[in-house]
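Side chains are part of it too, since the values below use all heavy atoms of this structure and drop only hydrogens, waters and symmetry mates. Whatever order the structure lists ligands and atoms in, that order sets their numbers, starting from 1.
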Amino acid sequence: MDKAKRKAIIAGNWKMNKTPSEAKALLEEIKPLVSDADCEVIACVPYVDLAAAVETVKGSNVKIGAENVHWEEKGAFTGEISTGMLKEIGVEYVVLGHSERRQYFGETDETVNKRTKAALAAGLKPIVCVGELLWERECDITEEVIARQIKLDLWDVTEDELKNVVIAYEPVWAIGTGKTATADQAEEVCAFIRAQLAKLYNQAAADAVTIQYGGSMNDGNADELLGKTNVDGGLIGGASLVAEKFAAIVKAASK
Ligand code: PEP
């Protein structure tokens with residue numbers, strides 16, 4: 001399957017930004033700017049913004065995602081949110097294993113895997129984030145790190161479930177730093193991820209998976225990054241908070 005047949009996906013990761021009313025206002029700005037997009041457009045927003053966000057995008061081509069989800073359906077997990085809670089309000093996607101969760105909140109490949117399986121079982125589409133630290137790249141173990149994350153994060157995920165999985169390659173050193181991986185670096189690792197998927201599943205299954213790049217992608221560099229064979233979209237932090245910049249990236253992915 002060639003790139004043109006894969007679904008291009010541009011997803012904003014708003015992180016801990018925007019109150020519900022601010023979220024509504026930003027989505028109202030984004031909607032008309034991306035209405036003719038020839039790719040999937042998603043805004044992943046803080047939990048408390050989700051209900052307002054889902055309501056605001058009704059009737060548009062913008063979809064809403066959460067930024068995390070717990071693996072248990074319910075119970076004594078103070079502060080956590082379940083897949084059922086997200087599904088009931090109309091959330092379709094969920095970002096899992098973001099490096100900020102791994103760095104600051106003790107997320108491990110084991111918990112990413114539990115969340116991924118729970119999300120898939122509930123009919124949510126996980127955007128599973130993988131990526132190496134700067135030190136790991138300097139030690140020349142990027143491929144080892146990525147191979148391990150892919151294998152563990154997708155452990156026990158079936159070939160059929162894989163159809164609903166999006167992978168985001170996010171080199172940790174490029175997130176929120178203004179340092180973007182070069183288009184060649186992004187392509188090299190996205191291609192490696194696809195090769196790992198082919199090993200774990202098969203080539204056809206791997207060819208169908210949307211692999212995003214994330215890490216300081218913006219309106220200035222999106223064209224080049226998204227032009228690469230194995231870069232099927234973007235997970236966008238900072239630039240997703242500015243409607244025009246986000247829309248420009250969506251436009252680049254629609255070419
Ligand atoms: C992200 O949060 O996933 C991200 C890629 O952030 P930024 O675009 O700001 O680097």
Side-chain angles (χ1 to χ4, degrees), residues 8-18 22-23 26 30 34 39-47 49-50 53 63-69 91 93-105 107 109 112 115-116 119 125-134 136-137 142 145-146 149-150 153 165-183 185-187 189-190 193 210-226 228 230-253:
I9 302 179
I10 298 298
N13 172 24
W14 289 11
K15 313 193 188 203
M16 196 174 73
N17 292 294
K18 305 294 175 188
E22 289 168 348
L26 178 54
I30 289 173
V34 302
C39 66
E40 193 130 322
V41 183
I42 308 165
C44 299
V45 307
Y47 286 138
D49 295 353
L50 286 168
K63 305 205 160 129
I64 298 300
E67 298 178 14
N68 200 8
V69 74
V91 171
Y93 285 87
V94 60
V95 176
L96 296 176
H98 191 278
S99 65
E100 286 150 18
R101 302 289 327 163
R102 293 179 192 257
Q103 260 185 303
Y104 308 134
F105 301 101
E107 190 77 70
D109 289 312
V112 175
R115 295 179 205 281
T116 301
K125 295 177 189 162
I127 300 175
V128 178
C129 303
V130 296
E132 80 286 5
L133 305 171
L134 181 57
E136 291 167 335
R137 177 166 279 267
T142 298
V145 171
I146 300 290
Q149 290 175 336
I150 291 289
D153 296 354
V165 173
V166 177
I167 308 279
Y169 166 53
E170 298 211 308
V172 180
W173 47 272
I175 298 178
T177 58
K179 280 187 208 154
T180 319
T182 64
Q185 284 171 325
E187 168 62 16
V189 182
C190 290
I193 290 171
T210 296
I211 302 177
Q212 302 174 310
Y213 167 78
S216 301
M217 192 189 268
N218 58 44
D219 45 331
N221 58 28
D223 251 333
E224 199 190 349
L225 286 160
L226 294 167
K228 292 292 179 182
N230 285 286
V231 181
D232 306 314
L235 183 57
I236 324 294
S240 70
L241 297 170
V242 183
E244 293 75 19
K245 289 188 182 177
F246 185 62
I249 299 170
V250 168
K251 198 167 176 192

Practice task
Show your working on side chain to side chain contact (heavy atoms under 4.5 Å, CB included) between F246 and L26 and close with a plain yes or no.
Solution key: CA-CA 11 Å; F246 185 62; L26 178 54; over 6 Å; no
Exercise for the section: Tell me, yes or no, whether the heavy-atom count around K245 atom NZ, taken from other residues, nucleotides or ligands under 6.0 Å, exceeds 12. Expected result: no
Practice task
Taking atom CD of E136 as the centre, report whether more than 12 heavy atoms of other residues, nucleotides or ligands fall under 6.0 Å from it.
Solution key: yes
Practice task
Would you check the N or O atoms of H98, main chain and side chain alike, for any that come under 3.5 Å of an N or O of ligand 1?
Solution key: yes
Practice task
Check ligand 1 against G214 and write out every atom of the ligand that is under 4.0 Å from a heavy-atom position of the residue.
Solution key: 5 (C)
Problem - Shortest non-hydrogen separation from C129 to V95 and the atoms involved - result: SG-CG1, 3.7 Å
Problem - Residue and atom name of the nearest protein heavy atom (relative to atom 8 (O) of ligand 1), distance in Å to one decimal - result: G237 N, 2.8 Å
Handout entry: Closest approach of T180 to G215 (non-hydrogen atoms, all atoms of both residues)
Key = CG2-O, 3.5 Å
Practice task
Show which atoms of ligand 1 fall inside a sub-4.0 Å distance from at least one heavy-atom site of S216.
Solution key: 7 (P), 8 (O), 10 (O)
Practice task
Among all protein heavy atoms, pick the one closest to atom 3 (O) of ligand 1 and tell me residue, atom and distance.
Solution key: E170 OE2, 2.7 Å
Problem - Per-residue contact class, A174 against ligand 1 - non-hydrogen pairs under 4.0 Å - result: backbone
Practice task
Kindly confirm or rule out an N or O of L235 lying under 3.5 angstrom from an N or O of ligand 1.
Solution key: no
Handout entry: Inter-residue atom distance I10.CD1 - M217.CE, 0.5 Å rounding
Key = 5.5 Å
Practice task
Before accepting this row, confirm whether a basic side-chain N of the pair D219/K251 lies closer than 4.0 Å to the acidic partner's carboxylate O.
Solution key: no
Exercise for the section: Say whether N13, considering both its backbone and side-chain N or O atoms, lies within less than 3.5 Å of an N or O atom on ligand 1. Expected result: yes
Handout entry: Closest contact, heavy atoms only, I64 versus V91
Key = O-CG1, 3.7 Å
Problem - Part of I175 within contact of ligand 1 (heavy atoms, under 4.0 Å) - result: both
Problem - Ligand-residue contact atoms, ligand 1 with G238, heavy atoms, under 4.0 Å - result: 7 (P), 8 (O), 9 (O)
Exercise for the section: Using non-hydrogen atoms of the residue, decide whether G215 is closer than 4.0 angstrom to ligand 1. Expected result: yes
Fill in the blank from the handout: Here the atoms of ligand 1 under 4.0 Å from any heavy atom belonging to G176 are 7 (P), 9 (O), 10 (O)
